[in-house]
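Quick notes on the structure that follows.
This chain uses plain numbering: 1 for the first residue, then up along the sequence. Predicted model, so just to flag it, every value in this text is computed and none were measured.
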Amino acid sequence: MSHDPNCIFCKIVAGQIPSKKVYEDEEVLAFHDIRPHAPVHFLIIPKLHVPSLWEVGPEHQALLGRMLTLAPRLALEQGAGNGFKTLINTGADGGQEVYHLHVHVIGGPRPWRVG
C-alpha cells in the first residue's frame, strides 16, 4: 500500500495536515516533531506508507539508505553540530505511536528534557 487514508503521516505527506518541513524530495519528507525532546528533534519519513521497520524488505533498501544518509546533513543544518542520535520505534513494545515508518533525529545542546 502506498498510502493509508487513516494514517496521520500519510495525511501530512498529502498536505492535508500542516507540518513544519525541514526537507522534502520525491521519496521522503522531514519535519519537526510536535513534541520535541531536544532543541533539534525532527522526523524523516518515507512518502510511501510502510507501517513499521518490521514490514521493510529488500525492495526498501535504497529508501532506508536515503533516509539515513539525509540524517547527518539535516541534523547539522538544524543546529546539531556537536552530535545527534537517531531512533526508530518499532511496534507497541518498541514505543511506536504512529504506524508509519519514521526516523527520529534528536540533538542539540544538552541537557535534554527526555533522553
inquiry  = Taking the side chain as everything from C-beta on, heavy atoms only, tell me whether H49 gets closer than 4.5 Å to S2.
reply    =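 When only atoms from C-beta onward are counted, S2 and H49 do not touch, as no gap falls below 4.5 Å.
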
key: Sub-4.5 Å side-chain heavy-atom contact between K85 and V105   =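 Of all side-chain heavy-atom pairs linking V105 with K85, none is under 4.5 Å.
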
Nearest 0.5 Å, what's the [atom1]-[atom2] distance between [X] and [Y]?
| X | Y | atom1 | atom2 | result |
| --- | --- | --- | --- | --- |
| I44 | E24 | CD1 | CD | 13.0 Å |
| T90 | L101 | OG1 | CG | 7.5 Å |
| E27 | K47 | CD | NZ | 9.5 Å |

query = Which pairs count as side-chain hydrogen bond (donor to acceptor under 3.5 Å, both in side chains) when at least one residue sits in residues 11-20, sequence neighbours excluded?
reply =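 Sorted pair list comes back empty.
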
inquiry  = Test: side-chain hydrogen bond (donor to acceptor under 3.5 Å, both in side chains). Region: residues 59-69. Which pairs qualify, not counting sequence neighbours?
reply    =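 Qualifying pairs: Y23-R66, D25-R66.
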
Got a list of side-chain donor-acceptor pairs under 3.5 Å for residues 70-79, not counting sequence neighbours?
unit_1, atom_1, unit_2, atom_2, d
R73, NE, E77, OE2, 3.3
Q78, OE1, H32, NE2, 3.4

Closest non-hydrogen atom pair between P46 and L63, with its separation =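 Closest approach of P46 to L63, heavy atoms only: CB-CD2, 3.5 Å.
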
inquiry  = Testing the basics here: between A80 and G108, what is the closest heavy-atom pair and its distance to 0.1 Å?
reply    =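 Scanning both residues, the minimum pair turns out to be CB-N, 3.8 Å.
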
inquiry  = Let me check something: do L87 and V28 share a hydrophobic cluster, defined by ILVMFWY side-chain heavy atoms less than 4.5 Å apart, either directly or through other members?
reply    =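 In one cluster with L87: V28, no.
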
Fellow cluster residues of V98, listed by chain then number, with links counted only when side-chain atoms sit under 4.5 Å apart =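 Members besides V98, by chain and number: I8, F9, I12, V13, I17, L29, F31, L43, I45.
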
Can you give me every donor-acceptor pair (side chain of residues 50-58, partner residue at least two apart or in another chain, under 3.5 Å) with its distance?
unit_1, atom_1, unit_2, atom_2, d
S52, OG, W54, N, 3.2
S52, OG, E55, OE1, 2.5
E55, OE1, S52, N, 3.0

inquiry  = So, using side chain to side chain contact (heavy atoms under 4.5 Å, CB included) as the criterion, who are the partners of P39 when residues are at least two apart?
reply    =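 Expected list: P109, W112.
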
Partner residues of Y99 under the side chain to side chain contact (heavy atoms under 4.5 Å, CB included) criterion, sequence neighbours left out =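 Counting only residues at least two positions away or on another chain, Y99 forms a side chain to side chain contact (heavy atoms under 4.5 Å, CB included) with A92, Q96.
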
inquiry  = Which residues pass the side-chain hydrogen bond (donor to acceptor under 3.5 Å, both in side chains) test with D33, not counting sequence neighbours?
reply    =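 Partners of D33 by the side-chain hydrogen bond (donor to acceptor under 3.5 Å, both in side chains) criterion, ordered by chain and then number, come out as H41.
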
request  = Any pair with a residue in residues 89-101 that passes salt bridge (Lys or Arg N to Asp or Glu O under 4.0 Å), sequence neighbours left out, goes on the list, sorted by first then second residue, please.
outcome  =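 Output for this query lists R35-E97.
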
is_close_aromatic(H102, H100), centroid dist under 6.0 Å =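 Not close enough - the centres of the two rings lie 6.0 Å or further apart.
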
